[in-house]
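Data first, discussion second: the structure below is written as structure tokens.
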Amino acid sequence: MNVELVLSNLLNPPILFFFLGMLAIWLHSDLDVPQPLPKFFALYLLLSIGFRGGVELHKSGINHQIVLTLLVAMAAALLVPLYTFFLLRRKMNAGDAAAVAATYGSVSAVTFIAATSFLSELNVPFGGHMVAAMALMESPAIIVGVVLFRLSQKQSGSQSGGLSWRPLMRDAFFNGSVLLLMGSLAIGLLTGTKGEAALHPFTGDIFKGVLCLFLLDMGLVSARRISGLKKLGAFTIGFAVLVPLVNAGFGILIAHFLGLGAGDALLFCVLCGSASYIAVPAAMRLAIPEANPGLYVTMALALTFPFNIIVGLPLYMSVINSLWR
Amino acid sequence: MNVELVLSNLLNPPILFFFLGMLAIWLHSDLDVPQPLPKFFALYLLLSIGFRGGVELHKSGINHQIVLTLLVAMAAALLVPLYTFFLLRRKMNAGDAAAVAATYGSVSAVTFIAATSFLSELNVPFGGHMVAAMALMESPAIIVGVVLFRLSQKQSGSQSGGLSWRPLMRDAFFNGSVLLLMGSLAIGLLTGTKGEAALHPFTGDIFKGVLCLFLLDMGLVSARRISGLKKLGAFTIGFAVLVPLVNAGFGILIAHFLGLGAGDALLFCVLCGSASYIAVPAAMRLAIPEANPGLYVTMALALTFPFNIIVGLPLYMSVINSLWR
Amino acid sequence: MNVELVLSNLLNPPILFFFLGMLAIWLHSDLDVPQPLPKFFALYLLLSIGFRGGVELHKSGINHQIVLTLLVAMAAALLVPLYTFFLLRRKMNAGDAAAVAATYGSVSAVTFIAATSFLSELNVPFGGHMVAAMALMESPAIIVGVVLFRLSQKQSGSQSGGLSWRPLMRDAFFNGSVLLLMGSLAIGLLTGTKGEAALHPFTGDIFKGVLCLFLLDMGLVSARRISGLKKLGAFTIGFAVLVPLVNAGFGILIAHFLGLGAGDALLFCVLCGSASYIAVPAAMRLAIPEANPGLYVTMALALTFPFNIIVGLPLYMSVINSLWR
Amino acid sequence: MQVIKRIEIITDALEMRAVIALLEAHGVSGYTVIKDVTGKGERGVQSGDDLTDVFKNSYLLTACPPEQVEEIVEAIRPLLKIRGGVCLVSDAQWVMH
Amino acid sequence: MQVIKRIEIITDALEMRAVIALLEAHGVSGYTVIKDVTGKGERGVQSGDDLTDVFKNSYLLTACPPEQVEEIVEAIRPLLKIRGGVCLVSDAQWVMH
Amino acid sequence: MQVIKRIEIITDALEMRAVIALLEAHGVSGYTVIKDVTGKGERGVQSGDDLTDVFKNSYLLTACPPEQVEEIVEAIRPLLKIRGGVCLVSDAQWVMH
Ligand SMILES: Nc1ncnc2c1ncn2[C@@H]1O[C@H](COP(=O)(O)O)[C@@H](O)[C@H]1O
Ligand SMILES: Nc1ncnc2c1ncn2[C@@H]1O[C@H](COP(=O)(O)O)[C@@H](O)[C@H]1O
Ligand SMILES: Nc1ncnc2c1ncn2[C@@H]1O[C@H](COP(=O)(O)O)[C@@H](O)[C@H]1O
Ligand code: NA
Ligand code: NA
Ligand code: NA
């Protein structure tokens, strides 16, 4: 792994604020980012990244490769929860396995955003359609997870109270973050450079600053969850670090195969390797109440997220750099 | 109505985010802008529009026409609740009629701000004193509404618990939004171009972005209220669309008569045609508890507001364009 | 006192918004900045001032004079609570005296920030290490206050439940504002001009605007506390105005002696003369529950803070101007 | 522990200032308020999602001596009649300190 | 004053919509909800500090006639069984207006 | 349904951490907390509008077996003595699930 890349990442202010948040918890500080401020930052970041992605897509236009990338992204989001479910079933009950599978099949918007900030630090360009890929990858894993759970319930003969599909579909495809992302992307696509001129000071100039505040809070939240790791076994902890690595690796290979640029490749690999801790937990809590959120949220927040943004970003980028040259 | 104007308005990002908010409700999404974020955006928008209006006024200076415009604006805010009250009395009890009359006599700051954003999209200038006109038009209708209610109570012989005028005056003239608007205007007027240089990145550059977030929430709030329309009769619904049209029409005529520029004319007509859903409801709830907020808030939020910003802005502008040339 | 300086300060938009906040309370307006918005602005301001201080320090490097200044600043923060405690003991019980002493020994970050905004209005430069001085001056007074209280309790023979030092140290040195300030300073120092380029639109351009919103709220909070002054005696009120003056005076002399520039001198004197109402009250409430927060918070918020930002800033600056020339 | 009465009042957020003034006028010296409460009643849903506080409630709890209850209840009743809301009275014991 | 029962339900914030639907289906016409409540129970700590509402509770209070209690309690019990949470019933008097 | 006691504690927001630690040390396994509560008592108004949490309360509710009440009350009493606040105990029934 290239030392320069590691430093570029570590000296990126948002990552440093993430460390500051973790430090605050370890020092038992009362530093706090009270609700609903984190929700505000999340709204802002999704709106901005979506809008800017739409504007870029407006500029680049939509071609065959973009359509192919989006289809492959969705396929990945369907396959990851499938294979991980059967892996997880060896050590977990069906509910937990399904929820964890959905978590890792879906994506982490914040990891994606941290990756775009890393790319801008390196001056590596990326395409606006990757934002669309992210939005498309959020939902399928939720459906797959719930279907797998339902099937294994039927097999084991447990009575299922008759799952209502409509609220599930709604929670999967129209949940707040997917809708805001998709909507902002569409607005960026529609308003193009004129919209960009009007909104750039808001969606662009101050973006990295808001990301710092948000990652400060993520550091707090993530470090608070670390105490929950004690209750998880070695299998679970190993899963939370290795499966992202494996998924990211596959992501890089696919990106190479599709002929994506280096920037798009990093984003694609980060989408495959990241785990959701906003949209999926809320959907799982409602659809699979038997699953323990202390498990899937802790894995995603206390391990996979920090691993990806601290180790993953420079690691994936150095692999990509060596493959792409 | 000019197609170009309609498109200019519909492709203005804030309006598109308003649609996105409505869409979220129709799709039963959990997209939400939690409190107190909407209040934050409202504070920001009032402070910014007030400050910038003050700076413009500092630059333009105060002349006869400006003073005349302000006086006419106040007169309009006194007359509208008077005539609408007697119109409404045919179908409503005195409390509801007075509250609705006050609602339509006062102004909607967000409609005004959307109109300024529409004007900036069209590169049509407007004067800083129009912000002062808005601030002056907020309060009189509240007083008129309550006086009309009191008088009709006396007529009908109902015992009135003895209205205390002081809290009413305070709620009308010193309510938060009026005070912030007036205060920011005064600060802009005092600090002029020096203040502008210091604050423009905050009050100007990111303004349209914050407006997008705010209108996203307005879309949510407005669409949530639409279900309340079922309980309203045809008269009420007709009133909520036609009276703004009539008031806006009179506004255009008066603006023409006063010789205002096209930008100022649009703002004046929007002030006449819009209905308050922030300052007035709070004041009415306290002063006329007999009135049903499910009526006056629903009319203003679910009908008049969307009508004005979607249909009204391009319609009024095309009328103005044809009259002013 | 120079008229021009007074006007420069009074026509600085943040100060005007402070007046607007006070005015709102006097007019019994319902203008409000709901929680957690003030905490958001505070987080933003601390992060920004810390980061920018770090970047400046990165540019200037650390020299002997800087180290000396920091050491003297800490010494001041240790001495002020000592001398004021014995002064206060004449009229107050040990708990109140210790808490007030700690309040005035520590610093007010908002006064400091208002001073930097005043300096930028005057185009007078200041060093990034002054932010470090502020961070270092927050905590010592807390420790001194509690130790003095404990000692006087022992003397008077009261049973002390055995103070636990660890939480006290944590509350003093790792409280949220100290940690965020220090952390942001470190991040600015680490990322230097590259970080500045990425974050300046957020931490710099919109800074004064956010400060306006924050001081609007401070005006509300401060004016609400003024009613509490009636319960305080002449000694207390005199203390809240005179002791800051005395401390600021000593601060100017020390700054002169150290050979600081005019900008650094103003900041140093403001640190000496200001009183804490964020970090210290929270720590005192936990460590000295016997002390009455209605006393120490009211003194700092309703008297010392407005005095410093309205009268103090131009007064101290004109003294410095005459001494430094 | 001392026998007391818990009085709970839920009403329009905008009205809470008047309720408190009334309680204090009738000798209530302690109370606790929870703002930003939503609910549903005769007057419809108070969803709490608007820019005004028009569709929002507040909740107030006061513990008072049993003999004070009647006076307070009678004082608050007319207000609830005009403005809507709920007032519940229940038994409890107060831990003296 | 009329004798009523106070029913308090504390459960997952995400679940509150279902609880309210259930109550309304069983004839409850009035209730009060406090969002953003934290706590601890069999299912661990609900700290309320995440971006999702997964670790957050809501609190609901409804005053209803004594004869309605059993129906409501039986309706709510299965939901609490699956989703967790607490339901308390206590006596109170309702100030009529 | 099982007979239990509702214990309500209202005290300084900054103090709530200590209260919870105390309760847990005395075997309380479940509780619910409402932050950001305002009020008035012997120590004056807690208006909740400052930057610090110095003038803010928190509200805690715990349902516990009647035999546990005395221990808890005795544990909490000294804290309330120093720090202020209110502790109310009332009867209720717990819906088992
Ligand atoms: N039966 C009830 N139980 C609990 N809270 C109620 C009840 N009825 C009304 N409320 C609360 O009191 C508020 C005003 O009630 P109302 O005036 O009947 O609309 C409602 O919005 C609820 O928050
Ligand atoms: N004994 C109790 N007293 C008060 N609240 C409780 C109690 N037990 C549980 N709760 C609340 O109910 C929520 C869910 O409980 P549980 O399903 O047991 O985890 C907890 O997070 C608490 O807020
Ligand atoms: N009689 C009461 N009824 C309800 N809440 C009270 C009462 N007395 C005090 N409180 C609450 O307890 C807090 C602290 O009380 P105190 O220590 O008496 O100032 C107050 O701020 C109120 O929120
Ligand atoms: Na993934
Ligand atoms: Na109008
Ligand atoms: Na000081």
Side-chain angles (χ1 to χ4, degrees), chain D residues 1-39 46 48 53 56-69 72 75-76 87-97, chain F residues 4-13 15-16 19 22-23 32-49 55-64 66 68-93:
Chain D
M1 291 201 286
Q2 191 184 327
V3 170
I4 53 102
K5 291 277 185 185
R6 293 169 83 250
I7 305 184
E8 294 172 293
I9 299 170
I10 303 158
T11 188
D12 219 282
L14 293 166
E15 214 51 44
M16 209 30 104
R17 212 198 281 200
V19 169
I20 290 175
L22 239 164
L23 291 178
E24 296 195 330
H26 287 83
V28 169
S29 63
Y31 55 82
T32 295
V33 174
I34 306 178
K35 285 181 209 158
D36 294 328
V37 165
T38 58
Q46 298 279 85
D53 287 350
K56 212 172 73 179
N57 293 329
S58 280
Y59 169 103
L60 180 143
L61 167 70
T62 178
C64 68
E67 56 275 15
Q68 218 181 337
V69 168
I72 295 176
I76 228 75
C87 176
L88 306 178
V89 180
S90 57
D91 296 317
Q93 284 176 296
W94 174 301
V95 176
M96 305 297 293
H97 59 258
Chain F
I4 52 104
K5 290 277 184 184
R6 295 169 82 252
I7 304 184
E8 294 173 295
I9 300 169
I10 301 158
T11 188
D12 217 283
E15 214 51 45
M16 209 29 105
V19 169
L22 239 165
L23 291 178
T32 296
V33 175
I34 305 178
K35 285 181 209 156
D36 294 326
V37 165
T38 58
K40 190 176 164 181
E42 283 167 30
R43 276 158 196 75
V45 177
Q46 298 279 85
S47 56
D49 63 1
F55 296 102
K56 211 171 74 179
N57 292 329
S58 280
Y59 169 102
L60 181 143
L61 168 68
T62 178
C64 67
Q68 219 182 336
V69 167
E70 217 192 294
E71 183 184 343
I72 294 176
V73 162
E74 290 318 315
I76 227 75
R77 201 194 295 271
L79 210 107
L80 298 182
K81 203 168 211 131
I82 307 180
R83 306 285 177 160
V86 159
C87 176
L88 306 179
V89 180
S90 56
D91 296 317
Q93 283 176 296

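FYI, side chains are in, hydrogens and waters are out, and symmetry mates aren't considered; it's all heavy atoms of this structure. Since we're looking at a predicted model, the values are computed, not measured. Letters A, B, ... are given to chains in the order of the sequence lines, protein chains preceding strands, and every chain is numbered from 1.
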Distance (rounded to the nearest 0.5 Å) between Ser90(F) OG and Lys5(D) NZ: 12.0 Å
Lys56(D) atom NZ, neighbour heavy-atom count above 12 within 6.0 Å: yes
Closest-packed option against chain F by number of heavy-atom pairs under 4.5 Å, given Arg6(D), Glu24(D), Met1(D): Arg6(D)
Exceeds 12 heavy-atom contacts within 6.0 angstrom, atom CD of Glu70(F): no
Chain D contact via Gln46(F) - which portion, at a heavy-atom distance below 4.5 Å: neither
Rounded distance [0.5 Å steps], CG in Asp36(D) versus CG in Asp36(F): 9.0 Å
Thr32(D) versus chain F, the contacting section by heavy-atom distance below 4.5 Å: both
Contact origin within Leu88(F) toward chain D - heavy atom pairs under 4.5 Å: both
Part of Ile34(F) within contact of chain D (heavy atom distance under 4.5 Å): side chain
Residue selection (most heavy-atom pairs with chain D, distance under 4.5 Å) from Gly85(F), Gly48(F), Cys87(F): Cys87(F)
Heavy-atom proximity to chain F below 4.5 Å, by part of Ile4(D): side chain
Nearest atoms (heavy-atom pairs only) where Val33(D) meets Val37(F): O-CG1, 3.5 Å
Within 6.0 angstrom of Arg17(D) CZ, more than 12 heavy atoms from elsewhere: no
Residues Ile10(F), Leu61(D); criterion side-chain contact (heavy atoms from CB on, under 4.5 Å); working and verdict: CA-CA 10 Å; Ile10(F) 301 158; Leu61(D) 167 70; 4.0 Å; yes
